[in-house]
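One structure is given here, and the rest of the page talks about it.
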Amino acid sequence: MKTRRELLQYAGAAFATLPFAKAFAQAKSSSLTLPGPIVVSTWNFGMQANEAAWKILGNGGHALDAVISGVAVPEADPKNTSVGYGGLPDRDGHVTLDACVMDENGNAGSVACVENIVHVAALARKVMEKTPHVMLVGEGAQQFGLANGFPKTNLLTPSSEKLWREWLKTAQYKPIANIENHDTIGMLALDSAGNLSGTCTTSGMAYKMHGRVGDSPLIGAGLYVDNEVGAATSTGVGEEVIKICGSHLVIEQMRAGRSPEEACRIAVERIVKKNPVKRDDLQVGFLALNKHGEHGAYCILKGFQYAVRSNSQNTLIDGKSHFA
Ligand code: ASP
């Protein structure tokens, strides 16, 4: 029979092995506030998306529910030409969407090159929860969505169609990476139970080749979540992010003890090393949130911003850049 003192020691030791308890102890020792709830997301349209996520997160809700609900805002916004409904089409006039999700248990779901469905982050969640697979693409992803009650919607708005037709006149059908024509929303959240989830959703690079898939739906490239360490997401020229497994690299740098900003800087510098000359068409930004609720970002070219919402912050932050 254990004494009361031994039982207390045992319970204390068990508590100390819980990740949240560790985060709590570190937060206390470094006089930080308690980690979570907090949500971060890419670009200025992240502010509005964070607000929707905060309705769930600020009320003690689950990080996964919060991020799916947050990114549904830009996905449904016809004025946002780089995510969801109203996204700019590929060079053949098809709007094709990419998205993925990860939860605190390391579960993952993804869809790529999907047409006619607005809320592809929610669809990626369905793939994660309802199928034995991680990723569905194209026609199969669309069929799965329609069978699961996602409405069929023409994603090409009249104004996006007009922009595409203008592009066709001068572009000679060449897909061009350009910092004005692509912006993804990646959203990462830490909930009040100390759990992390993330999602990434986009219409990808405007006027891309039909069938092109970027980094955003690829687990480890556009998004990675490890509940012991943190979460990371990316935006920008997806091809460069894929080649370095960008978001996974950021997570591994945080695991090795680096801050979110340092981890993002290392990923950016891997890309810059292969592309050392500054180019206006080569932007990549990484955003990371660690288990302690600390966040940071880094990008190649100036101009990448991210939005933060917590009990003490509701703001847009300029990510530091490699080139001034
Ligand atoms: N990363 C996305 C892609 O390459 C686009 C973006 O974030 O701007 O599809």
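Whatever order the structure lists them in is the order used to number ligands and atoms, beginning at 1.
Close contacts of ligand 1 with Ser216, meaning ligand atoms under 4.0 Å from a residue heavy atom, involve 1 (N), 2 (C). Those atoms of ligand 1 with a heavy atom of Met205 less than 4.0 angstrom away are 9 (O). Less than 4.0 angstrom separates some heavy atom of Thr235 from each of these atoms of ligand 1: 6 (C), 7 (O), 8 (O). Each of the following atoms of ligand 1 lies closer than 4.0 Å to a heavy atom of Gly238: 4 (O). Set against the non-hydrogen atoms of Gly204, the atoms of ligand 1 under 4.0 Å away are 9 (O).
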Could you give the side-chain donor-acceptor pairs of residues 54-64 under 3.5 Å, partners two or more places apart or in another chain?
| unit_1 | atom_1 | unit_2 | atom_2 | d |
| --- | --- | --- | --- | --- |
| Asn59 | ND2 | Lys55 | O | 2.7 |
| His62 | NE2 | Glu104 | OE1 | 3.1 |
| His62 | NE2 | Glu104 | OE2 | 3.4 |

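Geometrically, ligand 1 and Asp215 share a nitrogen or oxygen pair separated by less than 3.5 Å. In terms of polar-atom proximity, defined here as any N/O pair under 3.5 Å, Val237 makes no such contact with ligand 1. The N/O atoms of Thr202, backbone and side chain alike, include none that comes under 3.5 Å of an N/O atom in ligand 1. On a distance-only criterion, Gly214 and ligand 1 share no N/O pair closer than 3.5 Å.
Within the 4.0 Å heavy-atom criterion, neither part of Glu240 lies near ligand 1. Contacts with ligand 1 closer than 4.0 Å are made by heavy atoms of both the backbone and the side chain of Thr184.
Distance alone, capped at 3.5 Å, places no donor-acceptor pair between the Glu115 side chain and the Gly138 backbone.
Tyr224 and His248 have perpendicular rings, their planes meeting at more than 60° on a 0 to 90° scale where under 30° would count as parallel.
Under 4.0 Å is where a charged nitrogen must lie from a carboxylate oxygen, and between Arg255 and Glu252 at least one such pair does. Note on Glu51 versus Arg309: salt bridge recorded, some NZ/NE/NH1/NH2 to OD/OE distance being below 4.0 Å.
Donor-acceptor pairing under 3.5 Å is recorded for the side chains of Gln142 and Asn116.
For the side chain to side chain donor-acceptor pair (under 3.5 Å) criterion with Thr96, the lone passing option out of His210, Arg212, Lys208 is Lys208.
Every heavy atom of Glu239 sits 4.0 Å or more from the atoms of ligand 1.
For His119, there are no ring-ring contact (aromatic ring centres under 6.0 Å, His included) partners, not counting sequence neighbours.
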